[in-house]
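The structure appears below as structure tokens.
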Amino acid sequence: QAHLVESGGGSVQVGGSLRLSCLASGFTFSRYSMGWFRQVPGKEREFVGVTNWSGEGTYYADRMKGRFTISRDNARNTVYLQMDSLEPEDTAVYYCAATDTGNYRFFGSNANKYNYWGQGTQVTVSS
């Protein structure tokens, strides 16, 4: 059974950094593109970014470009989200997800294309 577990969330001040991790199990991790999304209560889930199966290809939402970086370690079945220069607007529950879609750049921002989801981890940015 596929399982994704996020960790690394917490509280940080404006301008600070956090690194989220997502540990995968129950499926062949290296065959899936991995995405990050976030959600604030009362709002739709928002695409953050995605990386392809090897980690050599990434694609980010415009708001995250230059501040967020996704990487992965296939030997550890883990994908990471490095978040820098955090702003209060980044406060949300962050989710990792796995998709077997081949065209991660075209489909990666579509939450409906993802096969597996984690339970989420809370990130709170305070001023």
Side-chain angles (χ1 to χ4, degrees):
Q1 182 177 356
H3 205 47
L4 295 172
V5 179
E6 302 93 337
S7 60
S11 297
V12 64
Q13 292 193 326
V14 170
S17 298
L18 278 176
R19 188 176 83 154
L20 306 183
S21 300
C22 172
L23 176 63
S25 61
F27 63 100
T28 307
F29 179 73
S30 60
R31 294 182 180 178
Y32 284 73
S33 295
M34 296 299 297
W36 286 94
F37 290 76
R38 68 187 187 184
Q39 190 167 23
V40 175
K43 294 189 176 182
E44 290 189 358
R45 194 162 293 189
E46 179 184 20
F47 171 70
V48 172
V50 61
T51 182
N52 72 338
W53 68 273
S54 68
E56 294 180 357
T58 54
Y59 175 68
Y60 299 95
D62 287 343
R63 291 178 59 185
M64 289 69 173
K65 288 180 181 177
R67 297 192 302 124
F68 290 10
T69 304
I70 297 174
S71 61
R72 66 190 294 163
D73 184 340
N74 285 346
R76 290 183 166 84
N77 283 3
T78 302
V79 62
Y80 305 98
L81 177 64
Q82 176 68 41
M83 304 184 293
D84 299 316
S85 301
L86 284 163
E87 304 165 351
E89 294 74 21
D90 296 317
T91 295
V93 176
Y94 283 72
Y95 299 88
C96 67
T99 177
D100 59 3
T101 181
N103 192 339
Y104 73 100
R105 283 188 174 272
F106 190 78
F107 294 112
S109 61
N110 185 344
N112 293 326
K113 293 294 185 180
Y114 285 79
N115 307 83
Y116 311 122
W117 290 85
Q119 84 291 346
T121 185
Q122 176 70 46
V123 171
T124 302
V125 184
S126 57
S127 56

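One is the number of the first residue; the rest follow in order along the sequence.
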Minimal non-hydrogen separation, [X] against [Y], with atom names:
X   : Y    : value
V79 : F29  : N-CZ, 4.0 Å
L4  : A24  : CD2-CB, 3.4 Å
G9  : V123 : CA-CG2, 4.2 Å
F27 : A2   : CD2-CB, 3.6 Å

Can you establish whether the number of heavy atoms outside [X] located under 6.0 Å from its atom [atom1] is more than 12?
X    : atom1 : result
W117 : CH2   : yes
R76  : CZ    : no
Y59  : OH    : no

Ignoring hydrogens and angles, tell me if any N or O in the side chain of [X] forms a donor-acceptor pair with the backbone of [Y] under 3.5 Å.
X    : Y    : answer
T91  : V125 : yes
E6   : G120 : yes
Y60  : R67  : no
T99  : K113 : yes
Y114 : G108 : yes
N52  : Y104 : no
Q39  : A92  : no

[X]-[Y] co-clustered via ILVMFWY side chain contacts under 4.5 Å:
X   : Y   : result
L86 : I70 : yes
M34 : W36 : yes
Y80 : V48 : no
V93 : L23 : no
Y94 : M64 : yes

From [atom1] ([X]) to [atom2] ([Y]), nearest 0.5 Å:
X    : Y    : atom1 : atom2 : value
L20  : Y95  : CG    : OH    : 12.5 Å
S127 : E87  : OG    : CD    : 12.0 Å
N115 : D100 : CG    : CG    : 4.0 Å
R105 : T58  : CZ    : OG1   : 6.5 Å
N77  : H3   : CG    : NE2   : 13.0 Å
S109 : F37  : OG    : CZ    : 7.0 Å

*Is any NZ, NE, NH1 or NH2 atom of the basic residue among R63 and E89 found under 4.0 Å from an Asp or Glu carboxylate oxygen of the other?*
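No, this pair does not count.
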_Side-chain donor-acceptor contact under 3.5 Å, N74 with R72_ =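 Judged by distance alone, the side chains do pair up.
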_Under a 3.5 Å cutoff, is there a donor and acceptor pairing between the side chains of D84 and S17?_
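Yes - a donor-acceptor pair under 3.5 Å links their side chains.
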*May I ask you to test the S7-T121 pair for a side-chain heavy-atom distance under 4.5 Å?*
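Sidechains of T121 and S7: no contact.
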*asked:* Show, in sequence, the C-alpha distance, side-chain angles and deciding distance for D90 and M83, and conclude whether the side chain to side chain contact (heavy atoms under 4.5 Å, CB included) test is met.
replied: CA-CA 9 Å; D90 296 317; M83 304 184 293; 5.9 Å; no
*Measure up the Y32 and Y116 rings against each other and bin them: parallel (under 30°), tilted (30 to 60°), perpendicular (over 60°).*
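Tilted, since the angle between the ring planes falls between 30° and 60°.
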